[in-house]
Every structure is written in structure tokens, then in C-alpha cells.
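Only one structure is covered here, and it is reproduced in the block below.
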Amino acid sequence: MSEHQAPDARFAPDGPHEHDIIDPTTEEIVATVAATSAAEVDAAVARAGRAAEQWAARAPADRARLLRRFAVVVDEHLEELARLEVREAGHPIGNARWEAGNVRDLLDYAAGGAERLTGRQIPVAGGLDVTFHEPLGVVAVIAPWNFPMPIAGWALAPALAAGNAVLLKPAETTPLTALRLAELGLAAGLPEGLFQVLPGAGPVTGRAMVEHPGVAKVVFTGSTAVGRDIMARCAAGLKRITLELGGKSPNIVFADADVAAAAAAAPGGFLDNTGQDCCARTRILVQRPVYDRFLELLEPAVRAFRVGDPNDPDTRMGPLISAAHRERVRSYVREDAPAVIRGEVPAGKGFWYPATVLAPESAADRTAVEEIFGPVAVVLPFEDEADAVRLANATAYGLSGSLWTRDVGRALRVSRAVRAGNLSVNSHSSVRYSTPFGGFGQSGLGRELGPDALVAFTETKNVFISTEEN
């Protein structure tokens with residue numbers, strides 16, 4: 001299963017093996033995709049295993065060349081991929097173009113690491129000791145629906161560069177870009193079987209991938225609950241695993257900050273991708289002396305965040321992914337909820353939900369501690385630095401966050417004190433392909449991206465060569 005998505009009955013083992021892809025903006029069926037059975041997963045793993053052996057035996061420079069060619073082909077089809085993302089996920093076209101471009105950039109960046117995946121020479125007595133990074137073999141990647149292309153690329157690119165084969169299961173609702181990427185990989189010259197896309201539901205296709213003895217590692221992005229289940233299933237085979245899970249990230253605004261800049265940036269922190277983002281800054285913590293002023297500035301900024309047709313380049317927020325998910329988001333905001341801001345959405349079809357800012361009476365309110373995964377934020381006052389850190393850490397999650405201050409010392413102190421894997425000061429930037437990404441606590445295990453991404457898809461082998469005379 002993918003992020004915050006229940007199993008679909010149409011994927012039950014004894015039910016039909018196909019799924020309609022719904023455009024979240026028009027509610028129209030745009031495609032019907034066949035699901036992958038457990039037997040088909042078994043055959044795919046066998047193909048991937050053979051391809052992995054041959055791929056790992058190729059010179060690193062040859063792997064790098066093919067991955068760069070893959071990046072070029074993705075770039076040549078960037079607009080096509082972006083338009084597919086608009087249709088299946090409802091993302092604004094500007095966001096979708098960035099997502100396709102991120103896959104291109106990840107492939108190019110990872111290709112550079114193929115020839116730099118170096119071991120070490122360790123000083124020892126009596127000989128020479130060296131280490132090697134050996135590929136794992138077959139890697140299973142289970143990608144979510146909220147960022148279908150880039151998150152798939154986070155694992156796909158470094159895993160291939162390190163010498164592995166990849167099986168990608170996209171989310172049930174967003175398989176189209178993944179299927180097209182697999183076609184583009186073949187067109188770029190990747191060997192048959194090296195990168196395969198296996199659409200289907202978590203309880204069928206995903207489970208078969210996770211439990212298959214031929215899969216050496218599982219990479220999952222999604223809900224914490226599903227992540228726990230996958231981790232338990234991987235334990236039986238001692239599989240390597242990377243989990244990027246939920247979040248409830250804070251946006252901390254101190255009184256000494258540029259309050260106008262913080263308020264102007266806040267909507268992007270929780271409305272980007274319609275709030276369907278584990279890094280969304282949905283807990284806005286504002287120091288009490290500037291609390292009222294911040295809210296005065298926040299309201300026009302939220303209302304200026306343009307909601308509408310994702311095909312319009314000026315649109316910044318589209319619909320939610322599905323009717324079911326809209327109901328889930330709605331369940332958090334009762335009619336008499338203490339809302340300080342309620343936005344507007346287009347009339348008619350589409351899974352729209354308005355930008356909403358709540359001011360709960362308690363920091364323990366479920367809207368302040370649970371991941372809503374929609375365009376809903378809470379705003380809470382705090383007294384001083386210690387209080388800000390206490391509130392920021394009052395969550396089981398620890399994925400991301402921001403803090404706004406002009407005091408460099410405070411920025412460093414608070415950054416060290418907040419338990420989160422990715423923090424930004426005077427910005428909401430969480431993800432760069434050149435820096436590590438991952439969470440603390442219930443936000444997951446392991447790190448993705450950055451200069452060490454390839455190492456996560458290898459085993460370290462130590463070799464000692466005696467130089468002693470016989």
C-alpha cells in the first residue's frame with residue numbers, strides 16, 4: 001500500500017486484476033492498468049536476478065554511460081511525463097515539470113557515482129586490507145502516489161548506478177509515469193529485465209515483492225503503519241530496508257525573524273502538492289509577541305495561493321488524489337473547528353479541498369499531532385526558545401521542519417535541538433538530490449539521496465591479503 005491509502009478491493013487475490021486510473025481534476029477514467037499477480041512477480045524477480053548479474057559485471061563507466069543516456073531520454077520526454085503526472089495525480093504543471101526534471105537530474109547525478117564507488121585501504125599488520133562495495137542484486141522499490149516520479153527516482157537511480165536491478169511498484173492510483181519511465185529506460189539502452197515496473201496493490205503485488213527470497217532490499221515510502229508491516233515482513237529474510245514514512249513537521253517563527261517573509265513563505269510550506277507531502281510544515285509555531293501580526297500577514301498569503309486547473313501554469317495547488325482521501329482530510333476538520341483561515345476551491349468536479357488554518361486550543365489536539373496529509377495546518381503560540389523546541393519535538397515523527405530567525409546562534413541551537421532529519425533556516429527547502437534525506441523516530445529508517453546514496457545499495461566486503469613470507 002502507498003501513503004495513507006487503504007487496499008483496493010479490486011486488487012483482492014480473488015477479484016479482477018486491473019485498476020482504473022482516475023484524473024483527480026475531472027474525475028474521468030484516463031487509463032486502465034493491469035495488476036501484477038504473485039506469479040508474475042516471481043517471474044519478474046527471476047528476470048531481474050539474471051539482469052543484475054550481467055549489469056554488475058559491466059564496467060562502471062559503461063553503467064554510467066547508459067544512465068546518462070537514460071537521463072537524456074527522460075529530458076527529451078519531459079513534457080510528456082509532466083502531462084501524465086497532471087492527469088494521474090492532479091499536480092500543477094509547473095510542479096510536474098520539476099518532478100520529471102528531478103528524475104533526469106537524479107539519473108545524471110547517480111551516474112557520476114558509479115565510477116566513484118570506492119572502498120578503503122585499511123592499515124593492518126602483516127598484509128594489505130581493502131574493502132569493496134558489492135551490489136546487493138535485486139532491489140524492490142514501493143513508491144507512493146504523492147510524488148510518483150521523483151521518489152521512485154530516489155531509489156532507482158542510485159540502485160542502478162551501484163550495479164543492482166530494480167523492481168518498481170508504483171502506487172495503485174499513479175502508475176502511468178512509472179510505466180513510461182520503464183519504456184524510456186529500454187529506449188535508452190538499459191538491458192531487458194534490469195528495470196521493471198510492476199503495477200498492483202500492496203496486499204498482492206507489494207507483499208509478493210517484499211517476501212520474495214530473490215529480493216535483497218526493499219525501499220518503501222509511505223505511511224508509518226504500512227512501513228512497520230513491511231519491516232516485519234522483511235525481518236524473516238533479514239532483508240535490507242529503507243523506510244521514508246510520515247511527518248508532522250514544524251515551522252517555527254521567532255519574534256526576531258523577518259515576520260513578513262515567514263508569513264509569505266508559510267503557505268508554500270503546507271500547501272505545496274495540496275499538502276500531500278510528508279515534509280509539509282503543518283504545525284506553524286509562532287512566538288507570542290508576533291503571533292497576531294503573523295496571522296494578519298498569513299491570511300492574504302494563503303488566499304493568494306492560486307487553486308485551480310493543474311494545466312494552467314499559474315496554478316499552485318490542484319485537487320487531492322481521490323474522493324476517499326478527501327473524506328479522510330475532511331474528517332479532521334469538523335464544521336465548528338477553530339479555523340482562522342478557510343480558502344476557496346473551484347466548483348464542480350474534482351477532488352478539491354480548501355486551504356485551511358486551524359488554531360486548536362491544545363497542542364495535543366489530533367490536528368496538531370496526527371498527519372492529515374492535506375492542505376490543513378495548525379498555528380500555535382510559544383513563549384521562548386525552550387518552549388519552541390518542546391512543541392517542535394512533541395510528536396512521534398521527525399522528518400523535516402523550518403525555523404525563522406535573524407540570530408545565527410539561535411538557528412544553530414534550535415537546529416541541533418529539534419529532532420528531525422532535515423531542517424532549513426529561513427526557508428522551506430527540504431530535498432536536494434545532492435544531500436541526504438531521511439527521518440528520526442516514526443519517520444523512518446536510513447537515508448536517501450546525497451553523495452552516499454549508492455552505498456546504501458551495496459554490501460561492504462573486506463579482503464585481507466597477507467604479505468608475510470611463507
Side-chain angles (χ1 to χ4, degrees), residues 246-272 274-305 307 316-317 320 326-345 352-397 399-405 414 418 420 428:
K248 191 70 174 177
S249 299
N251 176 15
I252 309 169
V253 182
F254 286 97
D256 72 330
D258 183 336
V259 177
F270 77 95
L271 297 179
D272 186 59
T274 321
Q276 299 167 130
D277 182 354
C278 293
C279 292
R281 274 69 164 170
T282 54
R283 292 187 298 142
I284 305 174
L285 313 179
V286 185
Q287 197 162 14
R288 196 173 293 278
V290 296
Y291 180 84
D292 291 338
R293 176 59 177 156
F294 179 86
L295 286 180
E296 290 174 2
L297 295 168
L298 179 63
E299 182 166 5
V302 168
R303 296 193 183 283
F305 206 88
V307 184
R316 299 187 66 190
M317 188 173 107
L320 292 168
R326 180 174 59 186
E327 289 308 306
R328 181 186 183 278
V329 172
R330 185 176 285 154
S331 71
Y332 279 90
V333 187
R334 62 184 190 275
E335 288 298 320
D336 62 343
V340 292
I341 302 171
R342 286 185 188 268
E344 297 180 354
V345 294
W352 306 99
Y353 194 84
T356 304
V357 179
L358 305 174
E361 294 181 2
S362 169
D365 188 273
R366 68 187 295 247
T367 59
V369 296
E370 296 180 22
E371 186 177 34
I372 299 173
F373 222 62
V376 181
V378 300
V379 59
L380 298 165
F382 67 87
E383 302 301 332
D384 54 22
E385 194 173 303
D387 195 32
V389 171
R390 179 187 65 80
L391 286 171
N393 288 337
T395 172
Y397 299 112
L399 186 58
S400 195
S402 300
L403 58 114
W404 296 76
T405 179
V414 175
V418 172
H428 294 310

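Computed from a prediction, not measured in an experiment: that's the story for all the values here.
Counting only N and O atoms by type, the side chains of T405 and D256 include a donor and acceptor under 3.5 Å apart. At a cut-off of 3.5 Å, with distance as the only test, a side-chain donor of R281 or S400 sits close to an acceptor on the other residue.
Taking the centre and axis of the six-membered ring of F373, the NZ or CZ atom of R328 falls outside the cone set by 45° and 6.0 Å.
Between the side chain of Q287 and the backbone N or O of A255, at least one donor-acceptor pair lies under 3.5 Å. No donor-acceptor distance shorter than 3.5 angstrom exists from the side chain of K248 to the backbone of Y397, with no hydrogens or angles considered.
Closest heavy-atom contact between Y332 and E371: OH-O, 4.0 Å. Heavy-atom minimum distance, P375 versus L271: CB-CD2, 3.5 Å. Across all non-hydrogen atoms, the minimal contact from A364 to V369 is O-CG2, 4.1 Å. What you find for R342 and R334 is that their closest heavy atoms are NH2-O, 3.7 Å. Between R366 and S331, the closest heavy-atom pair is NH1-O, 3.5 Å. Closest non-hydrogen pair, W352 versus M317, comes out as CZ3-O, 4.2 Å.
Residues V414 and E385 are in side-chain contact: their nearest non-hydrogen atoms beyond the backbone lie under 4.5 Å apart. Residues N393 and V418 are in side-chain contact: their nearest non-hydrogen atoms beyond the backbone lie under 4.5 Å apart. The shortest side-chain heavy-atom distance between R288 and F382 does not fall under the 4.5 Å cut-off. Here the side chains of W404 and I252 are not in contact, with every heavy-atom distance at 4.5 Å or above. The shortest distance between side-chain heavy atoms of L320 and Q276 falls below 4.5 Å. The shortest distance between side-chain heavy atoms of R316 and V307 does not fall below 4.5 Å. Proximity of V357 to L298: side-chain heavy atoms (C-beta onward) are separated by under 4.5 Å at one or more points. Using a 4.5 Å cut-off on side-chain heavy atoms (C-beta onward), E361 and P338 make no contact.
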**Report entry** Stepwise side chain to side chain contact (heavy atoms under 4.5 Å, CB included) test for V333 and L358
**Finding:** CA-CA 9 Å; V333 187; L358 305 174; 4.2 Å; yes

Requested in this report: Apply side chain to side chain contact (heavy atoms under 4.5 Å, CB included) to the pair F254 and V290, showing each step before the final yes or no.
Outcome: CA-CA 8 Å; F254 286 97; V290 296; over 6 Å; no

Requested in this report: Carefully, step by step, assess I341 and T356 under the rule side chain to side chain contact (heavy atoms under 4.5 Å, CB included).
Outcome: CA-CA 6 Å; I341 302 171; T356 304; over 6 Å; no

Requested in this report: Report the C-alpha separation of N251 and H428 in whole Å, then their side-chain angles, then the decisive distance to 0.1 Å, and conclude whether the side chain to side chain contact (heavy atoms under 4.5 Å, CB included) test is met.
Outcome: CA-CA 8 Å; N251 176 15; H428 294 310; 3.4 Å; yes

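For A377, the side chain to side chain contact (heavy atoms under 4.5 Å, CB included) partners two or more places apart in sequence, or in a different chain, are F270, I284. Listed by chain and number, the residues in a side chain to side chain contact (heavy atoms under 4.5 Å, CB included) with E327 are R330 (sequence neighbours excluded).
Taking SG of C279 as the start and CG of L399 as the end, the distance is 4.0 Å to the nearest 0.5 Å.
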